[in-house]
Number of protein chains: 6
Amino acid sequence: MAVVDRTTQRADPSHVRALATFSVATIHEAQDRAGLMQARLRPLVRGRRIAGTALTCEVTPGDNSSIHVAGDVARAGDFMVVAPTSPCDDGYFGELLATHMVARGVVGLVIDAGVRDVSELTAMGFAVWSSAISARGTVKETPGNVQVPLVCAGVPVTPGDVVVADDDGVVVVAREDTLDVIAECRVREAREHAQRKLLAAGESTLDLFGLRQKFLDAGLRDIAD
Amino acid sequence: MAVVDRTTQRADPSHVRALATFSVATIHEAQDRAGLMQARLRPLVRGRRIAGTALTCEVTPGDNSSIHVAGDVARAGDFMVVAPTSPCDDGYFGELLATHMVARGVVGLVIDAGVRDVSELTAMGFAVWSSAISARGTVKETPGNVQVPLVCAGVPVTPGDVVVADDDGVVVVAREDTLDVIAECRVREAREHAQRKLLAAGESTLDLFGLRQKFLDAGLRDIAD
Amino acid sequence: MAVVDRTTQRADPSHVRALATFSVATIHEAQDRAGLMQARLRPLVRGRRIAGTALTCEVTPGDNSSIHVAGDVARAGDFMVVAPTSPCDDGYFGELLATHMVARGVVGLVIDAGVRDVSELTAMGFAVWSSAISARGTVKETPGNVQVPLVCAGVPVTPGDVVVADDDGVVVVAREDTLDVIAECRVREAREHAQRKLLAAGESTLDLFGLRQKFLDAGLRDIAD
Amino acid sequence: MAVVDRTTQRADPSHVRALATFSVATIHEAQDRAGLMQARLRPLVRGRRIAGTALTCEVTPGDNSSIHVAGDVARAGDFMVVAPTSPCDDGYFGELLATHMVARGVVGLVIDAGVRDVSELTAMGFAVWSSAISARGTVKETPGNVQVPLVCAGVPVTPGDVVVADDDGVVVVAREDTLDVIAECRVREAREHAQRKLLAAGESTLDLFGLRQKFLDAGLRDIAD
Amino acid sequence: MAVVDRTTQRADPSHVRALATFSVATIHEAQDRAGLMQARLRPLVRGRRIAGTALTCEVTPGDNSSIHVAGDVARAGDFMVVAPTSPCDDGYFGELLATHMVARGVVGLVIDAGVRDVSELTAMGFAVWSSAISARGTVKETPGNVQVPLVCAGVPVTPGDVVVADDDGVVVVAREDTLDVIAECRVREAREHAQRKLLAAGESTLDLFGLRQKFLDAGLRDIAD
Amino acid sequence: MAVVDRTTQRADPSHVRALATFSVATIHEAQDRAGLMQARLRPLVRGRRIAGTALTCEVTPGDNSSIHVAGDVARAGDFMVVAPTSPCDDGYFGELLATHMVARGVVGLVIDAGVRDVSELTAMGFAVWSSAISARGTVKETPGNVQVPLVCAGVPVTPGDVVVADDDGVVVVAREDTLDVIAECRVREAREHAQRKLLAAGESTLDLFGLRQKFLDAGLRDIAD
């Protein structure tokens, strides 16, 4: 009943590279705060930003069959996205699978479940965002869907979408929106660059963002010193 | 309906500096185990101890208006304390606000909610204790109270109180209690210094703390070897 | 009504050393996925693997009496295992107790509750796996059982069993099973060593693990490109 | 930036009525275990099964603006589905809104957040599945999207889809799949009806489902008495 | 080091009775959304509203000593409020204590921890709002403060304040604010009474609350049918 | 690798009946507060007390194979105890399995996971204590151990032990301890009967339990009125 679809259109690699230059916070703002996965996804190791094309993979609790199927269809530049059908902390992914994924050019893993072999994954430099760490092994009995649209940590992901992850979390950009989002990110970065200078020089955000009168109008009472 | 009070009396800076020499665990013991915030507040980065005067700020879910108001009344040495009226993991605070706060002399942030721009905050060295990390942005519509007493992570905080935070958590010392707490901390540290030596030399805590007979009296049965 | 038993038989030290050469994930697989503690136990600091003989200790909420009793019966090579009778995040264990344990030769602490003095424990290099960090102190009124069988984070532990902990979590090996588990770990490591090479060379896990036909038989539909 | 779309095509009312005759468990099985919302959604009152067409509504934390917008586009037979952009337990919906919804023919509410006026909602007989109960009020500042596709409790919902809820939870059936799902539900119910009789007569599920040999083949060892 | 204060001034009984006629939601709105305890406090049994004067009681984890002390200072009309110094689910309170409290005229219990003897408490009709149910017993070793100000489920409570609880949760009204809150509750109830009629007759909340133009101004785009 | 053991010795039925006359709270106290499962196990329906002999059953996440195996070895008077190897909320058990269990004389189900068909189970009167409710179905691929010792919700259970469950939770009495526990329960009930009368007549628990002087000695300061 499960499907693996090998016909996925990936986002343009140059768009992926462009999106990798922006933070997750900036990208999620640039698309009207859409596409941000829930905060339980945390990086194994801080300090990296990774972008790639979504290689989607649905797993049942305690069964990592479809991760193996996904490895078989992976292409260089893919960012694996694994979502369980119900919450499960088991360690679906470890060093052997990471070795396989690196050989196939996969750039990282986002998984709303657990991973194991944390020391080895860290030593390999394989980038992981997960909701748990657990040595608990999984079975290989019931494959789920691979490279079909799914929901991961609250966000719909279509295979081939761009996934960007950093210390703040994980965001998804639809393949057809990449250019618009890149443009809007550039606008935001330029604006924030100017604002940062003014704030560093001591300006109040109330003045910079025009909030002083707005908040008084909203009923804020100022007790002067 | 919200208020910002600019008349806050801050604790004496020399008391703040003195309290900064003690650990959170010692301070909370010195005030009879009062004033310790709940354990969900964790430092963004381990290895620092920060002390400052409470700059209090109440936010509604998903709205960081009053953090902007608080920045406007901040003074050098303030430690910002942000409490939401109901639990929310959104990223209320990021790099731009931190730039502003640094310019105003704010020493750090305690927030029972989320922060974002973790990489940038880390690079800036801005000290944060939070209950979540999330790229999710907030709106600026409804200011809450600033510099009025509030409850943060289970602890009542009055503006101007001393806040101390380290790897173990966050503790609050009421402005009027600082000298008493400092004195008691000194007593405890001296006592623990002596105890540490004896324990390192192999003494049992049962003997050092006079527990051996007490526990036998309490019914402990010792099965000898 | 509580008991401290000083007659515990510890596992053979050479078996402990042998088990310390395998990862927690490998050991738990080698004993049919038994003995793995729940994922909420996390190391204070990543990057270490510790093995020792279980020194078991049951505590009531907010009372660390039996940790003091356990220190009194500790022997070199023991790995302290602390389980509360109901969930509690308080800081049962800190620097003074760690100083005591180090003097007695205890190799580390597994506690399904909180610890404090995190900076000091880290500086000392004392290895801890805990479910919480909290400065909250505990009382010393009601000792629980020491060196009797208990359940910690879902796993039954008998005093003298081998406990191994690393970045993936904590596993327990029964004293009578150590040789069998060591043998099975060796078999698994040899097999995985061979598999790792093939995967690094680009082989699919579907072929390596014989899953391709199995999944098609299970109904997986392959949409070719 | 938010949108309210008044052009939604609702599922055929006769299909909704047909689906209302099946349990949530049966419907989710009939569509290959897809479409089931996460288990945190619970009915305010047990013992009812409700079906209707999805009236979707995205809210920001602590702001129920778009529920008011949704009420304005509601039609008889709609089942309101409210999803927050980040987790929030506030009471977004109470007696006044329920009065409004009843007047518009809305059959019930599914909300991955909090509701209030529980006594009044119960007295009115208004059917609610929520993830929280809280008296905490919300503001009306920032409308989110209404009648656009969203994700609620892990499940993608398109406006006009069929939503069915009972004591076991909430399931969504895509508008284009209703007839297929109804047919499959009928097959399953007939089969289970026959199975129930055999089980009530004492047959083993191992025999009824053909599991006895399968499990022995999978390595189950039977220790006979 | 703990204190029991027998000099508490209770709120006027007629004010308590007046507040008991309003819902928790209405009261919390009437005091600008302040005073509402966190949503984890749930009634043992639905369908009751109880009001009384706060009899405050701080407990350490797993120790109900101060509930016994509080019983000794209880007066008719008191509503017991129990807060643990750190989270604990143990069953601090059961049938024997309830028998005692009823004899002393205590009207109910709010406890941010566990209770036991649920069947017996229900049969007695003793009203309880708790965050857990657990048969786990507690010790009687270390009394905490009784009748001093504390924080319960996020809300500061001063002994003698009015506590009101219903199916939506628990709210606290400061003794000095009771008349103002009662007046504001009456205004709100009258206004809601009028609104309810209009909504039942089919009016849109967008019109009734003047939101239609406000939301268009805020950028809501209306896709007409 | 899994085992089903058909040779289990059940506890004496007359002991089971005797234990069914005591509450879970009383039984757990009578065995020194041991044997009580964690508080997340809640009854589907309040108001019943059930006792039976443990029919133990270990399941992997999302796989209910061993419940089917357990049904095959069930005997009249058994109380099924199901523990997952890692946390999972799926609905492992529903109406068809309950029909089967009733036919075999099983008196109820304790499961540290989810159940479904809640309406049907309620209508049948089948007694369930579970940690979740979910319509999510499970697979039947990998049987776990049946009728071997396991840990359920923190408590070790040996097949044939007595399990008692009521509104306060679930407790386990080892088969060899039943007579001792029954005797101790009788002593406690008699004592509490006498205490209840005195408390109803207005006596303070401080006097009844001899706590008044003890607490003053422990440092309680009494501020008289």
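Quantities reported herein were computed from a predicted structural model and do not represent experimental measurements. Naming convention: chains lettered A, B, ... in sequence-line order (proteins, then strands); numbering from 1 in each chain.
- Residue F:Arg40: no heavy atom, backbone or side chain, is found under 4.5 Å from chain E.
- Contacts from residues 138-152 of chain E to chain F, taken as heavy-atom pairs separated by less than 4.5 Å, involve E:Thr138, E:Val139, E:Lys140, E:Glu141, E:Pro143, E:Gly144 in sequence order.
- Nearest heavy-atom pair, E:Ile133 versus F:Arg42, reported as atom, atom and distance to 0.1 Å: CD1-NH2, 3.3 Å.
- Considering all non-hydrogen atoms of both residues, E:His68 and F:Leu211 come closest at CG-CD1, 3.9 Å.
- Inspection of non-hydrogen atoms places no residue of residues 12-30 of chain E under 4.5 Å from chain F.
- For F:Leu36, the parts sitting under 4.5 Å from any heavy atom of chain E are the backbone and the side chain alike.
- At most 12 heavy atoms of other shown residues, nucleotides or ligands fall within 6.0 angstrom of atom CZ in F:Arg221.
- Of all the listed residues (F:Arg212, F:Gln195, F:Arg49, F:Met37), the one sharing the greatest number of non-hydrogen pairs under 4.5 Å with chain E is F:Arg212.
- Of the residues considered (F:Ser204, F:Ala200, F:Gly219), F:Ser204 shows the highest number of contacts with chain E, using heavy-atom pairs under 4.5 Å.
- For residues 97-112 of chain E, heavy-atom neighbours of chain F at less than 4.5 Å comprise E:Leu97, E:Thr99, E:His100, E:Ala103, E:Arg104, sorted by residue number.
- Between E:Leu96 and F:Thr205, every side-chain heavy-atom pair lies at or beyond the 4.5 Å cut-off.
- For residues 163-177 of chain E, a heavy-atom distance under 4.5 Å to chain F picks out no residue at all.
- Panel note: side chain E:Arg136, backbone F:Arg33; a donor-acceptor pair is recorded below 3.5 Å.
- Proximity to chain E is absent for every atom of F:Gln38, based on heavy atoms less than 4.5 angstrom apart.
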